[in-house]
There are 2 protein chains.
Amino acid sequence: MAVKALPMVRQRGVCCGLPDVDATWASGTADLMKALADPTRLTMIASLWKAKAPICICDFTAGLALSQPTISHHMAKLKEIGLVESEKRGIWIYYRLRANLAPTTRRVLAQLIS
Amino acid sequence: MAVKALPMVRQRGVCCGLPDVDATWASGTADLMKALADPTRLTMIASLWKAKAPICICDFTAGLALSQPTISHHMAKLKEIGLVESEKRGIWIYYRLRANLAPTTRRVLAQLIS
DNA sequence: CATACCCATCGACGATTGTGGATGGATTCG
DNA sequence: CGAATCCATCCACAATCGTCGATGGGTATG
């Protein structure tokens, strides 16, 4: 990647413009990053990604060294952002990666996990 | 992507194993996500990515609607994680994307920004 | 029906984060 | 040298976050 050099001359008190960055994009992308900015949630997402199958909440509760309310809280956050969806089966609730994830989101996850 | 079906039978009180997810990976990736989990820092990174050239801190201070200490604080965080590096030129300090970013990090940014 | 299990929600707590005012070092210009 | 500009650091404050105990609803088993 070609990187331009530093500008040779510059006036004091005069600043240059920045490349256009859409504020809506920044806000939305930050929300996605926030959802992924925790080791527990990242482990959950990676587990679902690798398993290629729905996983019961109880398996996370048993497998991760955290209390049941904490596990539930993290999964709720992932669901709220739209990364996962759930399905009830008897007394168990299974979570899976959302079927129609945004292509960008899916590619980001692929890069992060694989 | 083929997604397996839900298990038909399940015993109460018996939980299944989870796919192996490396704890070090989760921790490190979470740190990267945390660094990107803010609209201001995301805007900074996208600006540097698009500009393909070093940008002076003063340009961020002038362009973003935040105080100078806040801008400095955000950029310090990006530098601490190793996403950007800086170069001093007179009274100005220029920041640019780190030259030898981890390939994974670079690809994630490419997916997020482009 | 009574018990056991699964899970979401609530409330509380300490820890972390985003923000900006004040300060001071560094550098350049007149 | 004195003034102005650029920038990092320190300090304080409100807001958000991660965590867990307690609680209660829902569901299956005996």
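Convention: sequence-line order gives letters A, B, ...; per-chain numbering from 1.
A salt bridge links E87(B) with R96(B): the distance from a Lys NZ or Arg NE/NH1/NH2 to an Asp or Glu carboxylate oxygen falls below 4.0 Å.
To the nearest 0.5 Å, atom CH2 of residue W49(B) and atom CZ of residue R106(B) are 5.5 Å apart. Here the CG atom belonging to D38(A) is positioned 7.0 Å from the NZ atom belonging to K34(B), to the nearest 0.5 angstrom. The OG1 atom of T70(B) sits 10.5 Å away from atom CG of L64(B), with the distance rounded to the nearest 0.5 Å. A distance of 12.5 Å separates OG1 in T29(A) from CD1 in I45(B), rounded to the nearest 0.5 Å. Remark: L97(A) CG to L83(A) CG distance equals 7.5 Å, nearest 0.5 Å.
Summarising the geometry of K50(B) relative to D20(A), their closest heavy-atom pair is NZ-O, 3.1 Å, with the distance given to 0.1 Å. For the pair I55(B) and A51(B), the tightest heavy-atom approach, listed with the atom from each and the gap, is CD1-CB, 3.9 Å.
Within 4.0 Å of H73(A), counting heavy atoms only, lies at least one base atom of the nucleic acid. Within 4.0 Å of F60(A), counting heavy atoms only, lies no atom of the nucleic acid at all. When heavy atoms are screened at a 4.0 angstrom cut-off, K34(B) is found touching no nucleic acid atom at all. No contact: I71(B) has no heavy atom under 4.0 Å from any strand. Here K77(B) lies in heavy-atom contact (under 4.0 Å) with sugar-phosphate atoms only.
Nearest-nucleotide positions on DNA chain D place C56(B) closer to the 5' end than the other of I91(A) and C56(B). Along DNA chain D, the nucleotide nearest A37(A) and the nucleotide nearest T61(B) are compared for position; the residue whose nucleotide lies closer to the 5' end is T61(B). Closest-nucleotide positions on DNA chain C for D59(A) and W92(B) were compared, and the one nearer the 5' end corresponds to D59(A).
If you walk DNA chain C from 5' to 3' and mark each nucleotide with an atom closer than 4.0 Å to a heavy atom of chain B, the marks span dA4(C) to dT28(C). In summary, contact between chain A and DNA chain D, defined as any nucleotide atom under 4.0 Å from a heavy atom of the protein, begins and ends at dA4(D) to dA28(D) in the 5' to 3' direction.
Under the 4.5 Å side-chain criterion, counting only non-hydrogen atoms from C-beta, V84(B) is in contact with M75(B).
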